[in-house]
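This report refers to the structure that appears directly beneath it.
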Amino acid sequence: MVFLDLLENIRSKTTSILESQNYTPINFSVESAKPGFGDITCNVSFLLSKQLKKSPQEISIELSKLYEFNDLPQIKNVKPHPSGYLNFEIDYTKFNNIVMSSSIKENYGSLDLGNNEKIVVEHTSVNPNKALHVGHIRNVILGDVISKILKKCNFDVKVLNYVDDSGLQIADIIVGFKYSGFSQDPPNNEKFDHYCGDTVYVKTTEKYETDKQLEEKRHEILKQIEDSSSDISKMAQMITRRVLDEQLKTVWNLGVFYDCLNFESQIIHSKLWEKIFEKLKSDNQIKYEDSGDNAGCWVIPAEGEDDKILVRSNGVATYIAKDIPYAAWKLRLVDDPFSYKVFTTQKNSQTLYETTLDVVDNDIDKQDFFGNKVITVIDNRQIRLQKIVSGLMAKFKEDGAYTHLGYESVTLSADTVKSLGLTTDGDSTQMSGRKGLYVNADTVLETLTKRVYNESKSRNEDLSDSEIDQIAKTVAVGTIRYEMIKPDLDKIITFDLKTSLRLEGDTCSYIQYSYARAARILEKTQTKPNFDSGSELLSSNFEKNLIKKIAMFDVQVNDSVKNLSPKVIARYSYDLSVAFSSFYEHVKVLASETPELLNARLCLVISFQKTLKSALGLLGIDAPERM
RNA sequence: GGGUUCGUAGCUCAGCAUGGAUAGAGCGAGUGCUUGCGGAGCAUUAGGCCGGGGGUUCGAAUCCCUUCGGAUCCGCCA
């Protein structure tokens with residue numbers, strides 16, 4: 001820890017001073033200052049003003065005299081500002097070395113907030129009847145980044161993907177295959193998930209409007225899917241796994257991997273629900289209605305809202321009755337009914353497990369994919385149901401054990417809808433799988449990769465096609481990820497094929513470019529950087545700004561994990577790149593006046609590179625040496 | 001109708017959790033910068049009653065209330 005330590009140190013000094021003066025303790029802030037107001041700032045004088053019946057300015061003047069920095073050489077002084085703030089100035093001749101030598105360590109920016117506590121992150125969870133579209137990608141990327149940030153903070157993270165392989169959407173494509181004459185072999189070797197979603201699903205649901213008999217079939221099919229002994233169920237298993245295989249290829253291309261797949265069909269057959277139902281009853285978490293609209297139903301009482309029906313008067317459980325046992329399973333509130341087997345080895349060579357109800361001979365891995373805490377990434381349209389689930393879990397475990405990480409959806413811009421050959425009245429439109437109104441993730445990645453390929457080829461004529469290809473993938477994946485992470489969770493992303501995939505300005509390629517520029521400097525020198533001396537020579541504002549940004553990494557990681565806010569790291573990466581780009585433009589490293597200065601600057605460039613690389617790593621974005 | 005949420009520059013968004021000093025970026029518009037480590041860049045100019053109104057406070061983009069506008073959820077569907 002570098003900057004967090006510094007802030008904490010100043011905070012405790014300030015607290016001691018307050019104690020020594022017998023002031024009532026208060027909750028003040030110590031944080032990085034805006035440019036022009038020192039380096040670190042503290043607002044304690046404002047808060048003492050009432051208590052002491054003095055102006056903040058007077059208090060600042062008095063307090064500023066009481067600080068001692070003998071044990072904190074990287075702080076030069078503290079000055080009372082006329083506004084009332086206490087502004088601390090960093091002594092960069094000392095600070096530089098602390099920051100730069102820390103930054104080259106492997107675990108720079110890591111924090112031990114989790115103490116290796118088990119935590120589960122569930123994301124993706126797309127029905128296996130279609131290909132992933134850009135809306136799903138927001139979920140996938142957010143979940144992936146959250147899991148990486150948690151790992152950075154020493155949580156023991158397991159990543160799950162819930163495969164809803166037995167709902168109506170699955171029934172729809174089975175109806176398509178069984179009754180509408182769609183072949184199970186897609187024409188022209190089309191990717192199977194695209195074929196199922198773009199053709200079978202869309203066309204079949206379209207037919208329901210004119211063919212009511214067909215629509216009745218879907219409910220028959222749905223019932224049979226849930227009966228594991230039926231042929232339809234076996235067919236559904238086969239089809240959904242084929243789709244799932246293709247969906248996994250998509251997310252792997254985006255650099256996303258899981259620990260375990262959970263199948264809804266297995267949750268249903270595991271009898272988990274029955275156990276939880278009993279538990280809910282015995283704990284009085286649900287009630288049976290004798291009269292009224294919901295007579296004969298078991299309901300979950302909800303404060304300030306309508307009660308949620310859990311079991312219908314005919315004894316059949318509703319949709320939410322699938323989410324509750326799964327949530328309870330993730331928190332291990334119930335005994336684990338599953339065995340585990342290897343599903344596949346992923347593109348990054350990480351093993352992907354799946355749950356199974358089959359008896360596994362050699363109980364190879366009684367895996368422990370559960371957590372003391374669970375984070376479920378689902379878009380905000382499900383916030384109501386998720387509140388009910390987290391409310392119940394809080395009663396069984398503790399407050400906050402189950403966290404719903406919600407986010408706003410991705411819509412399509414009017415231009416993009418038009419480019420799909422469809423019309424819209426508004427500025428943007430919700431995507432719809434049923435209507436075929438969406439942009440597939442694979443398509444976006446391919447389009448973007450091609451564009452980057454051409455761009456990169458024109459700039460790097462000496463590189464081979466396979467090298468350019470690698471760069472194109474790195475930049476394309478980074479661009480998509482960055483666009484999904486950058487906006488706040490509660491902001492709608494209006495996806496536009498043109499503007500969302502820009503490569504200039506506040507984009508991933510800007511950030512990656514700054515890394516590549518740094519690489520070119522290092523490539524062109526014979527000097528072997530020595531971090532042991534000379535860092536005090538870095539004294540220009542460009543250098544100091546960059547060092548301060550590098551130092552702030554831990555503050556940002558802390559902020560990001562405490563608020564479950566991936567975008568904090570995205571902004572940090574950008575800010576860090578901006579600081580470097582400015583430095584790069586104004587400080588000619590290779591033309592440094594003395595060998596000592598050259599060495600110090602080279603070290604700074606390395607420091608920058610290492611820090612940016614690990615920040616980008618948290619976002620799942622690679623840093624290219626060239627592009 | 002009820003719940004949740006968003007509203008900041010022409011456009012897209014930071015800042016809001018924990019109120020404080022000059023409200024920041026990018027795109028777009030204007031002007032410069034390449035015999036300099038890669039111009040996917042740098043520098044610079046213009047552009048804001050932080051949706052409106054009220055309140056709390058010494059102090060509000062930030063907290064509270066209200067109002068307007070947009071989004072979204074609200075089935076014995078999944």
Side-chain angles (χ1 to χ4, degrees), chain A residues 27-29 31 33-37 41 43 45-47 49-50 55-56 81-85 87 127 164 166-171 219 222 264 293-299 302 304-306 308-320 322 379-385 387 406 408-409 411 426-428 430 452 455-456 459-460 475 486-488 490-494 496 499-500 502-514 516-525 559 562-563 565 567-568 571 574-575 578 581-582 584-591 601 605 626-627:
Chain A
N27 194 12
F28 55 91
S29 73
E31 54 196 18
K34 287 188 256 182
F37 297 103
T41 192
N43 69 349
S45 313
F46 291 102
L47 306 167
S49 177
K50 198 167 226 173
S55 76
H81 189 272
S83 63
Y85 279 105
N87 290 337
N127 286 327
D164 181 357
S166 49
L168 265 182
Q169 294 201 22
I170 308 303
H219 289 282
L222 181 61
E264 180 174 273
D293 289 346
N294 298 333
C297 299
W298 285 93
V299 302
E305 292 173 16
D306 291 346
K308 183 75 199 163
I309 290 170
L310 188 60
V311 179
R312 303 178 181 101
S313 53
N314 66 2
V316 179
T318 59
Y319 172 69
I320 194 170
K322 289 173 184 171
D379 83 67
N380 268 337
R381 283 174 296 194
Q382 300 232 37
I383 196 165
R384 232 170 160 146
L385 286 179
K387 255 188 195 150
E408 273 297 338
S409 53
T411 63
D427 293 338
S428 66
Q430 281 284 343
V452 177
E455 183 75 30
S456 192
R459 293 159 187 264
N460 295 283
V475 176
K486 193 175 57 157
D488 200 65
D490 51 25
K491 284 286 199 314
I492 295 167
I493 295 181
T494 303
D496 183 276
T499 59
S500 299
R502 291 177 354 252
L503 299 171
E504 279 135 33
D506 182 1
T507 64
C508 183
S509 50
Y510 172 92
I511 299 170
Q512 290 173 318
Y513 185 64
S514 72
R517 282 172 136 186
R520 299 292 277 172
I521 295 175
L522 298 173
E523 198 180 285
K524 287 191 163 65
T525 182
D559 186 8
K562 291 246 161 92
N563 296 301
S565 180
K567 69 148 195 264
V568 170
R571 287 212 81 76
Y574 178 70
D575 290 342
V578 168
S581 294
S582 185
Y584 178 90
E585 204 73 27
H586 296 98
V587 180
K588 300 299 170 185
V589 174
L590 297 180
R601 285 175 176 164
V605 173
R626 296 185 59 165
M627 62 187 277

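Chain identifiers are assigned alphabetically (A, B, ...) following the order of the sequence lines, protein sequences preceding nucleic acid strands; residue numbering begins at 1 within each chain. Computed from a predicted model, the values in this text were never measured in an experiment.
- As rounded to the nearest Å, rU4(B) and rC63(B) have P atoms that lie 15 Å from one another.
- Taking atom CG of Asn87(A) as the reference point, atom P of rG20(B) lies 14 Å away to the nearest angstrom.
- Counting any heavy atom pair closer than 4.0 Å across all strands shown, Lys524(A) reaches sugar-phosphate atoms only and no base atom.
- Residue Arg502(A) is in sugar-phosphate contact alone, with no base atom involved, counting any heavy-atom pair closer than 4.0 Å across all strands shown.
- Atom name P, nucleotides rA23(B) and rG47(B): the rounded distance is 14 Å, in whole Å.
- Between Ile383(A) atom CD1 and rG2(B) atom P the separation is 19 Å, expressed in whole Å.
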In B/S/- notation (B base, S sugar-phosphate only, - none; protein heavy atoms under 4.0 Å), nucleotides 68-78 of chain B written 5' to 3' is ---SSBS-BSB
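- Only the C1' atoms considered, rG52(B) is 7 Å distant from rC68(B), to the nearest whole Å.
- Taking a pair to require two hydrogen-bonding distances under 3.5 Å in either a Watson-Crick or a G-U wobble arrangement, rG7(B) pairs with rC68(B).
- The line from SG of Cys297(A) to CG of Leu310(A) is 10.0 Å long, rounded to the nearest 0.5 Å.
- Both distances falling under 3.5 Å, in either a Watson-Crick or a G-U wobble arrangement, place rG1(B) opposite rC74(B).
- Note that the NZ atom of Lys486(A) and the CZ atom of Arg571(A) stand 7.5 Å from one another [nearest 0.5 Å].
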Going 5' to 3' through nucleotides 60-65 of chain B and flagging B where a protein heavy-atom sits under 4.0 Å of the base, S where only the sugar-phosphate is that close, and - otherwise, we get ------
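- Of the inter-residue distances, the one linking Asp164(A) atom CG with Lys322(A) atom NZ reads 6.5 Å to the nearest 0.5 angstrom.
- Remark: Tyr510(A) is not in phosphate contact with rG38(B), judged by side-chain N or O atoms under 4.0 Å from OP1 or OP2.
- In this structure, Tyr85(A) packs face-to-face on the six-membered ring of rA21(B), meeting both the 5.5 Å centre cutoff and the 30° plane limit.
- Taking atom C1' on both rC76(B) and rU72(B), the two are 24 Å apart, rounded to the nearest angstrom.
- Scanning for salt bridge (charged side-chain N to carboxylate O under 4.0 Å, His left out) contacts around Lys567(A) gives Asp488(A), with sequence neighbours left out.
- Of the P atoms belonging to rU5(B) and rA17(B), the separation is 15 Å, rounded to the nearest Å.
- rG26(B) and rA46(B) have their P atoms separated by 15 Å, given to the nearest Å.
- Between the side chains of Ser166(A) and Glu264(A), at least one donor N or O sits under 3.5 Å from an acceptor N or O.
- No donor-acceptor contact under 3.5 Å links the side chain of Thr507(A) to the base of rA40(B).
- Rounded to whole Å, atom P of rU12(B) lies 18 Å from atom NZ of Lys567(A).
- Within 3.5 Å, a donor on the side chain of Arg459(A) pairs with an acceptor on the base of rA40(B), or the reverse.
- At a threshold of 4.0 angstrom between heavy atoms, the contacts of Ser49(A) with the nucleic acid are absent.
- Rounded to the nearest 0.5 Å, atoms CG (Asn27(A)) and CG (Leu47(A)) are 8.5 Å apart.
- OP1 or OP2 of rG39(B) lies within a sub-4.0 Å distance of a side-chain N or O belonging to Arg517(A).
- Checking rG39(B), rA21(B), rU4(B) against every side-chain atom of Lys387(A), the shortest atom distance belongs to rU4(B).
- Atom CG of Asn27(A) is separated from atom P of rG20(B) by 14 Å (rounded to the nearest Å).
- Judged by distance alone, with hydrogens and angles left aside, the side-chain atoms of Thr318(A) form a donor-acceptor pair with the main-chain N or O of Ile309(A) at under 3.5 Å.
- Nearer to the 5' terminus of RNA chain B, by closest-nucleotide assignment, is the contact made by Tyr574(A) (compared with the other of Ser581(A) and Tyr574(A)).
- Rounded to whole Å, the separation between the C1' atoms of rA9(B) and rG28(B) comes to 12 Å.
- Pair assignment for rC50(B) gives none, since no Watson-Crick or G-U wobble pairing has each distance under 3.5 Å.
- Using the Watson-Crick or G-U wobble rule with both distances under 3.5 Å, rA43(B) pairs with rU31(B).
- Whole-Å rounding puts the Asp379(A) CG to rU5(B) P distance at 16 Å.
- We find the OH-CG distance between Tyr319(A) and Leu385(A) to be 7.0 Å, quoted to the nearest 0.5 Å.
- When both pairing distances are held under 3.5 Å, rC13(B) makes a Watson-Crick or G-U pair with rG24(B).
- Candidate nucleotides rG26(B), rA14(B), rC37(B) were compared by shortest atom distance to the side chain of Asp506(A), and rG26(B) ranks first.
- A salt bridge does not link Glu408(A) to Arg381(A): none of the charged side-chain nitrogens sits closer than 4.0 Å to a carboxylate oxygen.
- If you check every strand for non-hydrogen atoms under 4.0 Å, Val587(A) touches a base.
- Around the CG atom of Asp427(A), the shell of radius 6.0 Å holds no more than 12 heavy atoms that belong to other residues, nucleotides or ligands.
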* **Stepwise ring-ring contact (aromatic ring centres under 6.0 Å, His included) check, Phe28(A) with Phe46(A)** => CA-CA 9 Å; Phe28(A) 55 91; Phe46(A) 291 102; over 10 Å; no
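- Rounded to an integer number of Å, the gap from CG of Asn43(A) to P of rA17(B) is 12 Å.
- With no hydrogens or angles considered, no side-chain donor-acceptor pair links Tyr574(A) and Thr507(A) at under 3.5 Å.
- Distance noted for atom P between rG54(B) and rC77(B): 49 Å (whole Å).
- One interatomic measurement links the two molecules: NZ of Lys491(A) to C1' of rU4(B), which rounds to 16 Å at whole-angstrom precision.
- The side chain of Asn563(A) has rA17(B) as its nearest neighbour among rG38(B), rA17(B), rG36(B).
- Here rA23(B) presents its C1' atom at 7 Å from NZ of Lys34(A), a figure rounded to the nearest Å.
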